[in-house]
Amino acid sequence: MPQLPAPAYPADVLARLEADAKEVIARYPGSRSALLPLLHLVQSEEGFVSRTGMAFCADQLGLTTAEVTAVATFYTMYRRRPSGDYQVGVCTNTLCAVMGGDAIFDRLKDHLGVGNDETTEDGKVTLEHIECNAACDFAPVVMVNWEFFDNQTPESATRLVDDLIAGRTVEPTRGAPLCTYKETARILAGFPDRRPGAVEASGGAGAASLVGLKLAKGEGPSPARVVGPRGETPGDAQPRDTEPGAAPHDPSPTEHLSSHDAPQKTSASDPEHPAGPAAEEGE
């Protein structure tokens, strides 16, 4: 059945959003480029991108609602229905999953009584699994309104959501102090975060992220080993700081060999460790 036209914003809300939208659109040489921040803007008003919000964006930019809808449904950061004050995202991608992300997600579903992309009855917390939080070196990671809570466990994640529901102050592992989902959306729309100390607290990469960078720059305890192309033997690869013709670097027992190194022994190539027949169940 065809949908009725989206309801309009109240006059005072519309006037405020139009003033904000004008400021956003003025940042771009082409008005269409302002669509993403405008979607964040309307999300900051209602906590999700409603049909009213999409109609507003279309009207401000001279687009069709179909064009706006195509963008709003593509990006997962735009909510399509009302959500909680705190968007709790649990990474369940490969590394976080094997480090405990799946266990955290299952615990929170049971503890909160909600499923994926569902909100608690009090409207405080929306739970969702996220494919990657881009913080694998701190796995497993939980994000609340896009702020990091690193090295989580089922127990610590449970305490985290309990504190959020109770209104207690929680501090991200790194980054700016936590704010509500609507406040986060307004910041993502490009408006300054006026909270005292919030910008200064944003910080940068954590210590674990910087270790690999230091090793890549040769600043670690030993020179980084440059791995040669496939087909070369380990002896063909030279350390970053080794002169041509010097003795090749032999990896230490604790050094991880890349897939580019010489083939490793497998059950098929190592007579001392044959694969043998598959064992029967229970053996």
**Study point:** Leu35 reachable from Leu188 in the ILVMFWY side-chain graph, under 4.5 Å edges
**Key:** no

Review point. Step by step, would you call Phe138 with Gln152 a side chain to side chain contact (heavy atoms under 4.5 Å, CB included)?
Key: CA-CA 9 Å; Phe138 297 98; Gln152 293 293 296; over 6 Å; no

**Study point:** Residue pair Leu95 / Ala139: nearest heavy atoms and the distance that separates them
**Key:** CG-CB, 4.1 Å

Exercise for review: Quick one: do Val68 and Met54 satisfy side chain to side chain contact (heavy atoms under 4.5 Å, CB included)? Show the steps, please.
Suggested key: CA-CA 6 Å; Val68 175; Met54 286 190 282; 3.8 Å; yes

Practice item. Salt-bridge test for Arg16 and Glu45: reply yes if a basic N is under 4.0 Å from a carboxylate O, no otherwise. Key: yes

Exercise for review: Please answer: with hydrophobic residues joined when any side-chain heavy atoms are less than 4.5 Å apart, are Tyr75 and Ile130 in the same cluster?
Suggested key: no

Revision key, fill the gap. Heavy atoms of Gly101 and Pro140 approach each other most closely as N-CB, 3.8 Å

Exercise for review: Say whether, by atom type as modelled, one donor and one acceptor occur between the side chain of Glu67 and the main chain of Thr64 under 3.5 angstrom.
Suggested key: yes

**Study point:** Main-chain N/O of His129 paired to Thr92 side chain as donor or acceptor, under 3.5 Å
**Key:** no

Study note, to complete from the structure: Smallest heavy-atom separation, Thr52 atom then Ala8 atom, equals CG2-C, 4.1 Å

Point to revise | Geometric cation-pi criterion, Arg51 with Phe56: 6.0 Å, 45° | key: no

Check your understanding: Just wondering, more than 12 heavy atoms not from Arg168 lying within 6.0 Å of its CZ?
Key -> yes

Review point. Just by modelled atom types, is the Glu183 backbone N or O under 3.5 Å from a matching donor or acceptor in the Ser44 side chain?
Key: no

Check your understanding: Would you call Arg186 and Asp193 a salt bridge, using N to O less than 4.0 angstrom?
Key -> no

Review point. Can Arg80 and Asp117 be counted as an ion pair, charged N to O under 4.0 angstrom?
Key: no

Review point. Side chains of Gln60 and Leu38: closer than 4.5 Å at any heavy-atom pair?
Key: yes

Point to revise | ILVMFWY network linking Val42 to Ile187, side-chain heavy atoms under 4.5 angstrom | key: no

Check your understanding: For Asp102 and Ala97, which heavy atoms make the closest approach, and how far apart are they?
Key -> OD2-CB, 3.6 Å

Exercise for review: Indicate if Leu36 and Trp146 have the same hydrophobic cluster label, given that clusters are the connected sets of ILVMFWY residues with side-chain heavy-atom separations under 4.5 angstrom.
Suggested key: no

Exercise for review: Find the distance between CG (Asn93) and SG (Cys96) and round it off to the nearest 0.5 Å.
Suggested key: 7.5 Å

Review point. In this structure, are over 12 heavy atoms from other groups packed under 6.0 Å from Glu18 atom CD?
Key: yes

Point to revise | Inter-residue atom distance Cys57.SG - Leu39.CG, 0.5 Å rounding | key: 4.5 Å

Point to revise | Backbone of Gln87 reached by a side-chain donor or acceptor of Asn145 within 3.5 Å | key: yes

Point to revise | Donor-acceptor under 3.5 Å (Asp122 side chain, Lys124 main chain) | key: yes

Exercise for review: Please list all pairs passing the ring-ring contact (aromatic ring centres under 6.0 Å, His included) test where one or both residues lie in residues 29-48, with sequence neighbours left out.
Suggested key: His40-Tyr78

**Study point:** Exercise: identify the closest heavy-atom pair between Pro37 and Tyr28
**Key:** CG-OH, 3.5 Å

**Study point:** Least distance between heavy atoms, Leu41 atom then Ala21 atom
**Key:** CD2-N, 3.9 Å

Review point. For Ile165, which fellow cluster members are found when Ile, Leu, Val, Met, Phe, Trp and Tyr are connected by side-chain heavy-atom distances below 4.5 angstrom, either directly or through intermediates?
Key: Tyr86, Val88, Val90, Ile104, Phe105, Leu108, Leu112, Val114, Val125, Leu127, Val142, Val144, Phe149, Leu160, Val161, Leu164, Val170, Leu178

Point to revise | Thr173 OG1 to Met143 CE distance, which is reported to the nearest 0.5 Å | key: 10.0 Å

Check your understanding: Does the side chain of Glu155 pick up a donor-acceptor pair with the side chain of Thr158 at under 3.5 Å?
Key -> no

Practice item. Report, as yes or no, whether the 6.0 Å neighbourhood of atom CE on Met99 holds more than 12 heavy atoms from other residues, nucleotides or ligands. Key: no

Practice item. Hey, could you give me the OG/CG distance between Ser156 and Asp150, rounded to the nearest 0.5 Å? Key: 10.5 Å

Practice item. Scan side-chain atoms only and decide if His111 and Asp162 contain a donor-acceptor pair under the 3.5 Å cut-off. Key: yes

Practice item. May I ask you to say whether Lys109 pairs ionically with Glu118, meaning some side-chain N is under 4.0 Å from a carboxylate O? Key: no

Exercise for review: Mark yes or no for whether Gln43, through its side chain, and Met77, through its backbone, hold a donor-acceptor pair below 3.5 Å.
Suggested key: yes

Practice item. Ignoring hydrogens and angles, state whether a donor on the side chain of Tyr9 or Glu46 is under 3.5 Å from an acceptor on the partner side chain. Key: yes

Review point. Is there a path of hydrophobic side-chain contacts, each under 4.5 Å between heavy atoms of I, L, V, M, F, W or Y residues, that connects Ile25 with Val49?
Key: yes

